[in-house]
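One structure is given below, encoded as structure tokens.
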Amino acid sequence: MIDFEPPLRLHLDGNALIANWRLLKGQGVADCGAAVKADAYGLGAREVVKRLHNAGCRDFFVAHWGEAAAIADLVPAGSISVLNGINAAEIPLIRRLGAIPVLNTPDQIRLWKAAGGGACNIMLDSGINRLGIGPAQTEAALFDGLEIDILMSHLASADEDSGQNAAQLANFVEIGREIRAKRRSLANSAGIFLGTDYHFELTRPGLSLYGGIARPEMAESIQPVVRLSARILQTRQLETGERVGYNGTFTCPRQMRVGTASLGYADGYLRAFAGNGSAYHHGRKMPVIGRISMDLVTIDLSISPDLKEGDWVDIVYDLAKASCSTGLSQYELLTNLGTRFERQWT
């Protein structure tokens, strides 16, 4: 296979990743795990797990068994929990892999018991009405004989000052009162900042490990991890009145120098950035103009006459600000970043 240099780069700050994990861990006395599902929110799970494990993280959470298999050689057996449950066909492979299933339904619990049991985690539904065993399903006999490591639930509104948070905390405590488990876990990134009552023995941050601001009070302490850059493919001079991009949504108000860079919605830079996005070079900020194409974006280079074909520009990608301006969630902004980026860790 011939290797070509990709015209897109994700610059990923390993020191910031570790600093964010340590900050989140330092909010209380609970152990701090890491959600590394969706390829560590698009950053690359193997590189994230290596760095966090070296920093002291011992609990990793993924959604699917294939995600667990992709990182299983990096951490000891039992370090990975798989959130989306089990089916009968998966159990022989689960035994070989050594990851821990999160059982979400009574049927999954009975299936696990019938297959010989072993270490497992249990998800309780404390009010999000997504995955998990609800209050009406928690008769004590269901959990008899289980070797439960983590009893967990998930907060629905931890990013807001919502009464749902306290209600879910109370439900989690009440539903789990008679269930024996080594550890309990409720708080995600935002939940950590609701206070130590939400921490129990283990927290499970995800978004804020990767630079996302899950609650406003985190804005001054969480460090950005991701920076995008793209190569300029062509520059041109446009006259007043000429239009740019699909459907001519941008009309030049004056004579302008523009550049077309190798970045588009196929890379996760979605059309919501049209009129909102910008690039910068040597401290000079340059607006994105016209529609975002599948593979291309057009930038106003008027204040950067030195930029030419083959040069690189950085793309403004502040997660919290981009979320506000585009309507996309910070989770979407991260997980949509495509496979065409060269991921460079520093």
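Quick note: residue numbers are just sequence positions, from 1. Just so it is clear, the structure is predicted and the values come from calculations on it, not from any experiment.
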Give a yes or no on whether Met152 and Leu124 share a hydrophobic cluster (residues Ile, Leu, Val, Met, Phe, Trp, Tyr; joining criterion: side-chain heavy atoms under 4.5 Å apart).
no

Pro135 side chain near Asn171 side chain, heavy-atom distance below 4.5 Å:
no

Determine whether Ser262 and Asp295 make a side-chain contact, defined as any pair of heavy atoms from C-beta on separated by less than 4.5 Å.
no

Tell me, which pairs form a side-chain hydrogen bond (donor to acceptor under 3.5 Å, both in side chains) where one or both residues lie in residues 114-142, sequence neighbours left out?
Ser81-Asn121, Ser126-Ser153, Ser126-Gln168

Any donor and acceptor pair, going by atom type alone, linking the side chain of Asn15 with main-chain N or O of Thr346 inside 3.5 Å?
no

Got a donor-acceptor contact below 3.5 angstrom from the Asn276 side chain to the Ser325 backbone?
yes

Separation between CG (Leu263) and OG (Ser293), nearest 0.5 Å, reads 10.5 Å

Would you name the heavy atoms of Cys252 and Val244 that are closest together and state the gap between them?
SG-CG2, 4.3 Å

Which heavy atom in Ile86 sits nearest to a heavy atom in Pro101, and how many Å separate them?
CG2-CB, 3.5 Å

Give the intermediate values and the outcome of side chain to side chain contact (heavy atoms under 4.5 Å, CB included) for residues Leu24 and Thr203.
CA-CA 9 Å; Leu24 295 162; Thr203 60; over 6 Å; no

For His11 and Ser229, which I'm curious about, is there any donor-acceptor pair between the side chains at under 3.5 Å?
yes

Quick one: which residue pairs count as a ring-ring contact (aromatic ring centres under 6.0 Å, His included) with a foot in residues 42-76, not counting sequence neighbours?
none

4.5 Å side-chain heavy-atom contact, Ile192 and His199:
yes

With Asp3 via salt bridge (Lys or Arg N to Asp or Glu O under 4.0 Å) - residues at least two apart:
none

So OG1 of Thr298 and CD of Gln234: to nearest 0.5 Å the spacing works out to 9.5 Å

Can you list every ring-ring contact (aromatic ring centres under 6.0 Å, His included) pair that touches residues 292-346, not counting sequence neighbours?
Phe273-Tyr317

Nearest-0.5 Å distance that lies between atom OG1 in Thr196 and atom CD in Gln27
10.5 Å

Are Val313 and Ile299 close enough that some pair of their side-chain heavy atoms sits under 4.5 Å apart?
yes

Hydrophobic clusters here meaning ILVMFWY residues chained together by side-chain heavy-atom distances under 4.5 Å, can you tell me if Leu97 and Leu93 are in one?
no

Which atom pair, heavy atoms only, marks the closest approach of Ala45 to Val36?
CB-O, 4.0 Å

Working note: Tyr246 + Ile292, criterion side chain to side chain contact (heavy atoms under 4.5 Å, CB included); need CA distance, chi angles, decisive distance, verdict.
CA-CA 8 Å; Tyr246 283 121; Ile292 311 297; over 6 Å; no

Please tell me whether Leu23 and Ile213 are part of a single hydrophobic cluster in this structure, the criterion being side-chain heavy atoms less than 4.5 Å apart.
yes

Could you tell me whether the side chain of Asn54 and the main chain of Arg51 form a donor-acceptor pair under 3.5 Å?
no

Nearest heavy-atom neighbours spanning Pro92 and Ala88:
CD-O, 3.7 Å

Which pairs, with at least one residue in residues 220-240 and sequence neighbours excluded, count as a salt bridge (charged side-chain N to carboxylate O under 4.0 Å, His left out)?
Glu5-Arg231, Arg227-Asp314

Sort and list the pairs that fulfil ring-ring contact (aromatic ring centres under 6.0 Å, His included) and have at least one residue in residues 90-119, not counting sequence neighbours.
none

Under a 4.5 Å side-chain heavy-atom rule over Ile, Leu, Val, Met, Phe, Trp and Tyr, are Leu296 and Leu337 clustered together?
no

Side-chain heavy atoms of Pro106 within contact of Ile133, under 4.5 Å:
yes

With a 6.0 Å cut-off (strictly less than), is the heavy-atom count around CG of Asn87, excluding the residue itself, greater than 12?
yes

Would you name the heavy atoms of Ile122 and Val102 that are closest together and state the gap between them?
C-CG1, 4.4 Å

Pairing donors with acceptors under 3.5 angstrom, does anything connect the side chains of Ser302 and Asp300?
yes

So Leu319 and Tyr210, do their side chains get closer than 4.5 Å, heavy atoms only?
no

Find the distance between OG1 (Thr105) and CG (Leu142) and round it off to the nearest 0.5 Å.
9.0 Å

Check the pair Leu209 / Leu17 against side chain to side chain contact (heavy atoms under 4.5 Å, CB included), numbers first and verdict last.
CA-CA 6 Å; Leu209 293 173; Leu17 172 74; 4.3 Å; yes

Is there side-chain contact between Asp73 and Arg46, with at least one heavy-atom pair below 4.5 Å?
yes

Of all pairs that satisfy ring-ring contact (aromatic ring centres under 6.0 Å, His included), the ones with a partner from residues 154-192, not counting sequence neighbours
Phe172-Phe200

In terms of heavy-atom contacts, Gly211 and Asn20 come closest through N-ND2, 3.8 Å

Would a distance-only check, ignoring hydrogens and angles, find a side-chain to backbone donor-acceptor pair under 3.5 Å from Asn104 to Leu83?
yes

Between Val226 and Leu43, does a side chain to side chain contact (heavy atoms under 4.5 Å, CB included) hold up when you go through it step by step?
CA-CA 8 Å; Val226 180; Leu43 274 64; 3.9 Å; yes

Inter- and intrachain pairs under salt bridge (charged side-chain N to carboxylate O under 4.0 Å, His left out), touching residues 13-41, at least two apart
none

Return all side-chain donor-acceptor pairs below 3.5 angstrom for residues 179-187, not counting sequence neighbours, or 'none' if the list is empty.
from: Arg183; atom 1: NE; to: Asp149; atom 2: OD1; distance (Å): 3.1
from: Arg183; atom 1: NH1; to: Asp59; atom 2: OD1; distance (Å): 3.4
from: Arg183; atom 1: NH1; to: Asp59; atom 2: OD2; distance (Å): 3.0
from: Arg183; atom 1: NH2; to: Asp59; atom 2: OD1; distance (Å): 2.9
from: Arg183; atom 1: NH2; to: Asp149; atom 2: OD1; distance (Å): 3.4
from: Arg183; atom 1: NH2; to: Asp149; atom 2: OD2; distance (Å): 2.9
from: Arg184; atom 1: NH1; to: Gly176; atom 2: O; distance (Å): 2.9
from: Arg184; atom 1: NH2; to: Gly176; atom 2: O; distance (Å): 3.1
from: Arg184; atom 1: NH2; to: Ile179; atom 2: O; distance (Å): 2.7
from: Ser185; atom 1: OG; to: Leu202; atom 2: O; distance (Å): 2.9
from: Ser185; atom 1: OG; to: Arg204; atom 2: NH1; distance (Å): 2.9

CZ-CG distance between Arg9 and Leu228, expressed to the nearest 0.5 angstrom
12.5 Å

Salt bridge (charged side-chain N to carboxylate O under 4.0 Å, His left out) contacts in which one or both residues fall within residues 327-338, not counting sequence neighbours
none

Pairs where residues 94-106 contributes a residue and the test salt bridge (charged side-chain N to carboxylate O under 4.0 Å, His left out) is met, not counting sequence neighbours
none

Is it the case that the side chain of Ser189 and the backbone of Gly206 share a donor-acceptor pair, with hydrogens and angles ignored and the cut-off at 3.5 Å?
yes

Same cluster for Val297 and Tyr265 if Ile/Leu/Val/Met/Phe/Trp/Tyr side chains link at under 4.5 Å?
yes

Starting at CZ of Arg271, measure out to CG of Leu328 and round the result to the nearest 0.5 Å.
13.5 Å

Return the set of residues passing side-chain contact (heavy atoms from CB on, under 4.5 Å) with Ala35 (not counting sequence neighbours), or none when no residue passes.
Tyr41

